[in-house]
A.B. asks: 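So that we are looking at the same thing, I have put the structure below in structure tokens.
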Amino acid sequence: MNSAAELLDRVIADLDAVLSDDGLAGLSDAERVAVLQGTGAVFRRAEAVIVETIATADMGDFPHSAGCRGLNELLQRTVGVDVRGATRVDRVVDLVRRPLSLAGERMPARWAEMRLPGSTGWSIWCGGR
């Protein structure tokens, strides 16, 4: 089975292939709309991967293990967002994180519906896209 990092590397390579030739320059308006819709879907899922990666991590140790003081600094360094963007991610992570019970089992998220890719919840933190 492929790791998440390997799958993301493949997605990045595929997106690079889309950008590498002049294929976008020769698109009709209808094809451009389809490309924009597909790109929006990719963008929303990329945001969801960011949120889910953080929501499933041990927040006490995770930022420090990467040499960062906290989550905001980690997001700024790894994802390349500004303070405002990192704060938005942090807010959504708090809503979708599934806390651990005393037995070590994952409990339901406070706003479980926001965990569904494609739901409007994923886009709340990114300015309502």
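Computed from a prediction, not measured in an experiment: that's the story for all the values here.
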A.B. asks: Could you go step by step and tell me if V81 and V89 meet the side chain to side chain contact (heavy atoms under 4.5 Å, CB included) rule?
C.D. replies: CA-CA 10 Å; V81 296; V89 172; 5.6 Å; no

A.B. asks: Can you tell me how far the OG1 atom of T39 sits from the CG atom of L24, to the nearest 0.5 Å?
C.D. replies: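 Nearest 0.5 Å value for the OG1-CG distance: 8.0 Å.
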
A.B. asks: Show, in sequence, the C-alpha distance, side-chain angles and deciding distance for V35 and V18, and conclude whether the side chain to side chain contact (heavy atoms under 4.5 Å, CB included) test is met.
C.D. replies: CA-CA 10 Å; V35 168; V18 170; 5.8 Å; no

A.B. asks: How long is the gap from OG1 on T87 to CG on N72, to the nearest 0.5 Å?
C.D. replies: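 If I round to the nearest 0.5 Å, the distance is 4.5 Å.
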
A.B. asks: Compare every heavy atom of R77 with every heavy atom of C68, then report the nearest pair and how far apart it is.
C.D. replies: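 Between these two residues, the closest heavy atoms are SG-CD, 3.7 Å.
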
A.B. asks: Roughly how far, to the nearest 0.5 Å, is CZ of R88 from CG of D90?
C.D. replies: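 Answer for the CG-CZ pair, D90 versus R88, is 12.5 Å.
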
A.B. asks: Are L27 and L19 in one and the same hydrophobic cluster, where Ile, Leu, Val, Met, Phe, Trp and Tyr link if side-chain heavy atoms are under 4.5 Å apart?
C.D. replies: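 Shared cluster, yes.
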
A.B. asks: Rounded at 0.5 Å granularity, tell me how far CD1 in I54 sits from OG1 in T78.
C.D. replies: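 The CD1 atom of I54 sits 7.0 Å away from the OG1 atom of T78.
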
A.B. asks: Could you pull out the closest heavy-atom pair between L75 and A86, with the gap in Å?
C.D. replies: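 Distance-wise, the nearest heavy atoms are CD1-O, 3.7 Å.
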
A.B. asks: What distance separates L7 CG from I12 CD1, expressed to the nearest 0.5 Å?
C.D. replies: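 If we round to the nearest 0.5 Å, L7:CG and I12:CD1 are 11.0 Å apart.
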
A.B. asks: Which atom names give the shortest non-hydrogen contact between A17 and S20, and what distance separates them?
C.D. replies: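 Looking at all heavy atoms of both residues, the closest pair is O-OG, 3.0 Å.
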
A.B. asks: CD/E73 to NE2/H64 distance, rounded to the nearest 0.5 angstrom?
C.D. replies: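 Going from CD on E73 over to NE2 on H64, the span is 10.0 Å.
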
A.B. asks: Does the R97 side chain pair with the main chain of E52, one donor and one acceptor, at a distance under 3.5 Å?
C.D. replies: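 No; judged by distance alone, with no hydrogens or angles, the pair does not exist.
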
A.B. asks: Which atom pair, heavy atoms only, marks the closest approach of V96 to A55?
C.D. replies: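 Smallest heavy-atom distance, with atoms named: CG2-CB, 4.1 Å.
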
